Amino acid sequence: MVARYEPVESPDETTVFPYHDLTPPTTADIYSAKPIVERYLPRTPLVRCEWLSAELDADVYLKREDTLPTGAFKVRGGVTLVSRLDEEFRDQGLIAASTGNHGQSVAYAGREFDVPVVICVPEDANPGKVRAMERLEAQIEHHGETFDDAREHAEKLATEEGYRYVHSANEPTLVAGVGTAGLEVVEDLPDVDVFFSPVGGGSSASGYCLTVGELTDADVIGVQSASAPAMHRAWSEGTLAAHEKMETTAEGLATSVPFAVTTEILRERLDEFVLVEDSALWDGVERMLAEDHVLMEAACATGVAAALERKEELAGKTVAFPVSGRNLALDKLQSVLRS
Ligand SMILES: *Cc1c(COP(=O)(O)O)cnc(C)c1O
C-alpha cells in the first residue's frame with residue numbers, strides 16, 4: 001500500500017507533513033553529518049582571494065562550494081538527508097520545489113541512493129539547472145511563475161501521491177548536512193573574524209551560525225537581497241508572515257516566505273543581518289569574474305557585495321564567505337559581460 005500524508009499545521013506559511021521535525025539542529029548534529037558528507041562528497045578548498053584582500057586591505061578567503069558536484073553547497077544537505085531516509089519513502093520517492101540548486105541537490109542524492117525524484121520548478125527556471133536535474137534522472141514538473149508557485153504545486157503532489165516532500169529549510173537533517181561546510185571553515189581558518197553568509201531560505205546561514213559562529217570568535221553576518229527580504233523581516237521582527245516583496249533577480253534568494261526552523265536559528269545566533277541591492281550583487285558577479293575568473297551566481301555575490309560595502313570596518317581583519325554556487329544562466333552571464 002502506498003503511504004499517503006496529509007499536511008499538518010505549520011508555524012510558517014509553507015506546508016509541512018507529519019515527518020517534518022521542526023526542532024532546529026544542533027552543532028552536534030552537524031558533527032554527526034560530517035562522516036556522511038566526507039564519504040559522498042569531496043572536501044571543498046578554502047582559497048585566499050587576492051583582489052578582494054588588496055581592495056579591502058584584509059585577508060579574504062573564499063570557501064569554494066562551487067567545486068562540489070552540482071556546483072552548489074546544497075548537495076551537502078541532500079546527501080545527508082537522503083542517506084538517512086526512512087525505508088517507507090524509498091519506493092514512492094522524493095519531491096522538492098526549487099529554482100534549481102536545491103533540486104539538483106535532491107536529484108543528485110536520489111541518484112546516489114537509488115530513490116526516484118520529482119522536482120517542481122517555475123516555468124522560467126534556469127534552463128541549465130533544469131538540464132542538470134534531468135541528467136541526474138529527476139522528473140521535472142514546470143509549474144507557475146515563481147518559486148512559491150512551484151512550491152505549492154510540490155506540496156499538493158506530495159499530499160496526493162505520498163512522496164516524501166523535501167522542504168528547502170524545515171529539515172533539520174538537511175540543515176545539519178549543509179552545516180558541514182562551516183566545520184571545514186573552522187578547521188581551515190580558526191582565526192576568522194568576519195564570516196558573510198548568503199540568506200535565501202536560511203539553511204546555509206544557519207549552518208555557519210552553528211559552526212563558525214559557535215566554535216570561533218567570528219561574527220557571522222547574513223546577507224540577503226533588498227528585493228526579497230522575507231527572512232530579514234522574520235529575523236528582525238519575529239514574524240513568520242510572507243513578505244509581499246519578492247522581485248530579486250538572484251534566483252537562489254527568491255522566496256517570499258520565511259521558514260520556521262531557519263528563522264529560529266538565525267534569530268538566536270546571527271550576529272548581524274544586512275540587505276544589499278540586486279545591482280550590487282550583479283556588480284559583485286562581474287568583479288569576481290573580471291578579477292578572479294570565478295563564476296558566481298548572483299545569490300552567491302552577497303558576500304562580495306556586503307564586503308565591498310563595509311570596506312573601512314574590514315581593514316586588517318580575516319574575512320571569509322562561500323562561493324555558494326556557480327550555476328549562472330548563460331543569458332544572465334551574457335548581460336554581465338555586455339554591461
Ligand atoms: C540556495 C542558495 C543560496 C541561499 O541559501 P539558503 O540556504 O537558501 O539561504 C545562496 N546561494 C546559492 C548559489 C544557492 O543555491
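Computed from heavy atoms alone, side chains included, the values below leave out hydrogens, waters and symmetry copies. Atoms within a ligand are numbered from 1 in the order they appear, just like the ligands themselves. Note that the coordinates shown come from a computational prediction; the quantities given were computed from them, not determined experimentally.
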So that I know where these two stand, are [X] and [Y] an aromatic pair - ring centroids less than 6.0 Å apart?
X	Y	answer
His167	Phe259	yes
Phe17	Tyr5	no
Phe113	Tyr40	yes
Phe89	Tyr19	yes

Quick check for students: name every N or O atom pair between ligand 1 and the protein closer than 3.5 Å, with distances.
| from | atom 1 | to | atom 2 | distance (Å) |
| --- | --- | --- | --- | --- |
| ligand 1 | 7 (O) | Ser203 | N | 2.9 |
| ligand 1 | 7 (O) | Ser203 | OG | 2.5 |
| ligand 1 | 7 (O) | Ser204 | N | 2.8 |
| ligand 1 | 8 (O) | Gly201 | N | 2.8 |
| ligand 1 | 9 (O) | Gly200 | N | 2.6 |
| ligand 1 | 9 (O) | Gly201 | N | 3.2 |
| ligand 1 | 9 (O) | Gly202 | N | 2.7 |
| ligand 1 | 11 (N) | Ser324 | OG | 2.7 |
| ligand 1 | 15 (O) | Lys74 | NZ | 2.5 |
| ligand 1 | 15 (O) | Asn101 | ND2 | 2.7 |

Are any of the side-chain nitrogens in Glu187 or Arg43 under 4.0 Å away from the carboxylate oxygens of its partner?
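Here Glu187 pairs with Arg43 in a salt bridge, since their nearest N and O are under 4.0 Å apart.
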Measure across Phe73 and Leu68 and return the closest heavy-atom pair with its distance rounded to 0.1 Å.
CA-CD1, 3.8 Å
